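Worth knowing before you read on, the calculation uses all heavy atoms, side chains too, and leaves out hydrogens, waters and symmetry mates. Chain letters run A, B, ... following the sequence lines, proteins first and then strands; every chain starts at 1. Source: prediction; values computed, not measured.
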Amino acid sequence: METVMSYFMLNPAFYIFAGLAVILAIFMITMPNPVYSAIFLVLTFFCISVIYITLEAEFIAAIQVLVYTGAIMVLFLFVIMLLNLGRDADLVEHSGPMKYISIIVAFAILIQIGLAAKVTVNIGEKGMFPIEKIREIGNTEAIAGLLFSDYLYPFEIASILLLLGMIGAIIISKKRSE
Amino acid sequence: MDVILGLLYVVILFSLVAVQVLILVFMERKVSAWIQSRIGPNRVGPWGLLQTTADIIKLITKENIRNIQSDKVIFFLAPILAFVAPFAGFVTIPVAENLGIQDLNMGAVYVFALGSSMVFSVIWAGYGSNNRYALIGAMRSAAQMISYEIPLVTSVLGVFLIAGTLSMREIVALQESGTWYVIYQPLGFILFLVAATAEANRAPFDLPEAESELVAGFHTEYSGMKFAFFFLAEYTEMLVACSLMTVLFLGGWLIPFVDNSQIPWWIHIFVFIFKVYSMIFLMMWFRWTFPRLRVDHLMQFGWKVLLPFALVNLVVTGAVALWLKS
């Protein structure tokens with residue numbers, strides 16, 4: 001119990017918002033109305049961006065909100081609202097025994113992740129970018145420096161993939177309208 | 001202790017913004033009257049100064065009506081988010097050299113991130129009202145806000161390229177030694193002004209609430225205090241957009257051709273406010289001069305005019321910056 005408290009006191013904001021993110025994510029899964037699910041997912045994203053801020057990664061926090069909530073979730077909401085999914089009751093899934101098996105599997109994975117985290121995270125070495133260094137050079141500069149030097153090729157490949165996806169989407173929508 | 005200080009900041013900021021909005025609504029009425037050769041409000045108080053206050057009292061005392069088939073929670077959340085998102089943007093805006101709540105390392109991106117979550121309030125308002133006009137208005141508005149956000153962000157990237165920083169205070173400080181960025185980035189400034197007007201849902205881009213077609217768009221079902229929040233949100237957004245323009249392009253609190261370190265801080269505040277209000281006046285001028293765009297023209301203008309120009313501006317700025325460096 002004491003160790004739990006000492007962990008909490010180390011960074012209370014992280015534990016509060018991490019817990020909140022988990023609770024909101026559970027709400028998101030259990031909501032019968034998909035629009036509510038989308039709202040809870042948006043709130044979860046906000047909590048995650050607060051966690052980034054506690055890690056001094058302000059740039060990633062802002063980009064998280066800009067991209068995930070501002071762009072992706074808006075499209076999700078559009079799709080949900082345009083699909084006209086019908087009454088909430090029709091959407092409840094009755095999957096029988098699979099439901100219980102999946103719960104057991106999910107818990108097994110959770111325990112595995114917890115054990116792995118206990119082994120690696122606590123006694124892990126400090127990386128190349130500890131918080132002191134990020135504070136010194138600024139978190140935006142740190143990301144930009146890495147992205148355009150060591151990770152240039154993955155970055156370019158990802159941009160080409162996204163561009164291809166965009167062109168593909170335009171072609172598909174053009175074909176339907178003709 | 002930090003929490004109490006933070007709450008204090010919120011209260012001070014809220015009262016400041018509320019007063020600004022009162023002034024802005026009055027200013028909009030007088031400006032529109034002046035442009036249309038009318039007198040404008042002149043009965044309540046001297047020169048009609050208390051007209052807005054009277055309107056607010058009317059709004060607060062109005063009955064709070066909610067459509068029985070509307071979605072209670074979403075209907076309630078939408079106006080709150082509409083106000084909170086632009087309001088929180090003020091946190092990072094520097095008014096004078098050492099006056100501003102928090103200078104973030106990525107200040108400008110933070111404001112854009114908040115602006116992008118504004119779309120939700122509109123969609124929620126439309127969906128929660130359970131009203132066709134409201135939903136159509138919300139859909140139009142969401143499409144418009146997503147489309148104009150891209151040129152909005154792309155048009156300021158040139159400024160960030162020249163400045164080499166995202167921090168608002170540093171951007172203003174850099175304009176002290178050199179010139180204002182509006183000189184280097186005239187195209188970027190015009191694009192930003194147009195896109196910001198559209199983001200704030202102001203005429204000639206006020207399709208989401210086009211009174212003559214949609215009965216008022218996404219806030220058709222709102223009344224009383226909740227409507228007041230949408231009203232407040234629109235003007236707050238305008239304030240944030242104009243403050244951003246002042247900081248990024250017009251040199252923030254700086255006075256040109258003068259040694260700014262000799263000037264007391266309270267004059268800097270007045271300079272900043274003067275610049276912001278000049279931009280707001282420009283936006284009001286737009287509203288009462290240009291007719292409303294049609295919805296397909298609006299989307300075409302955003303994607304086929306603003307975005308290509310913003311991209312060209314970015315590429316040219318990048319090339320010149322690279323050339324000057326080498």
> If you draw a 6.0 Å radius around CZ in F309(B), do more than 12 non-hydrogen atoms from other residues or ligands fall strictly inside?
Replying inline: no
> Does a sphere of radius 6.0 Å around CZ in F17(A) hold more than 12 heavy atoms from other residues, nucleotides or ligands, not counting ones at 6.0 Å or beyond?
Replying inline: no
> Of the backbone (N, CA, C, O) and the side chain (C-beta and beyond), which part of F112(B) lies under 4.5 Å from a heavy atom of chain A, both, or neither?
Replying inline: both
> CZ of F76(A): more than 12 outside heavy atoms within 6.0 angstrom?
Replying inline: no
> How close do A62(A) and A113(B) get, heavy atom to heavy atom, and via which atoms?
Replying inline: O-CB, 3.4 Å
> Tell me, side chain or backbone of V109(B) under 4.5 Å from chain A's heavy atoms, or both, or neither?
Replying inline: both
> Side chain, backbone, both or neither: which part of V73(B) has a heavy atom under 4.5 Å from chain A?
Replying inline: both
> If every non-hydrogen atom of S116(B) is compared with every non-hydrogen atom of G70(A), which pair is closest and at what distance?
Replying inline: OG-CA, 3.5 Å
> What part of Q64(A) is in contact with chain B, defined as an atom under 4.5 angstrom from a non-hydrogen atom: side chain, backbone, both or neither?
Replying inline: neither
> So, do I39(A) and W124(B) sit near enough that their side-chain heavy atoms are less than 4.5 Å apart?
Replying inline: yes
> Checking heavy atoms, do the side chain of M139(B), its backbone, both or neither come under 4.5 Å from chain A?
Replying inline: both
> For Y36(A), does the OH atom have more than 12 heavy-atom neighbours from other residues, nucleotides or ligands under 6.0 Å away?
Replying inline: yes
>> Please check if the number of heavy atoms outside F87(B) that lie under 6.0 Å from its CZ is greater than 12.
In response: yes
> Quick one: what part of V67(A) sits under 4.5 Å from any heavy atom of chain B, side chain, backbone, both or neither?
Replying inline: neither
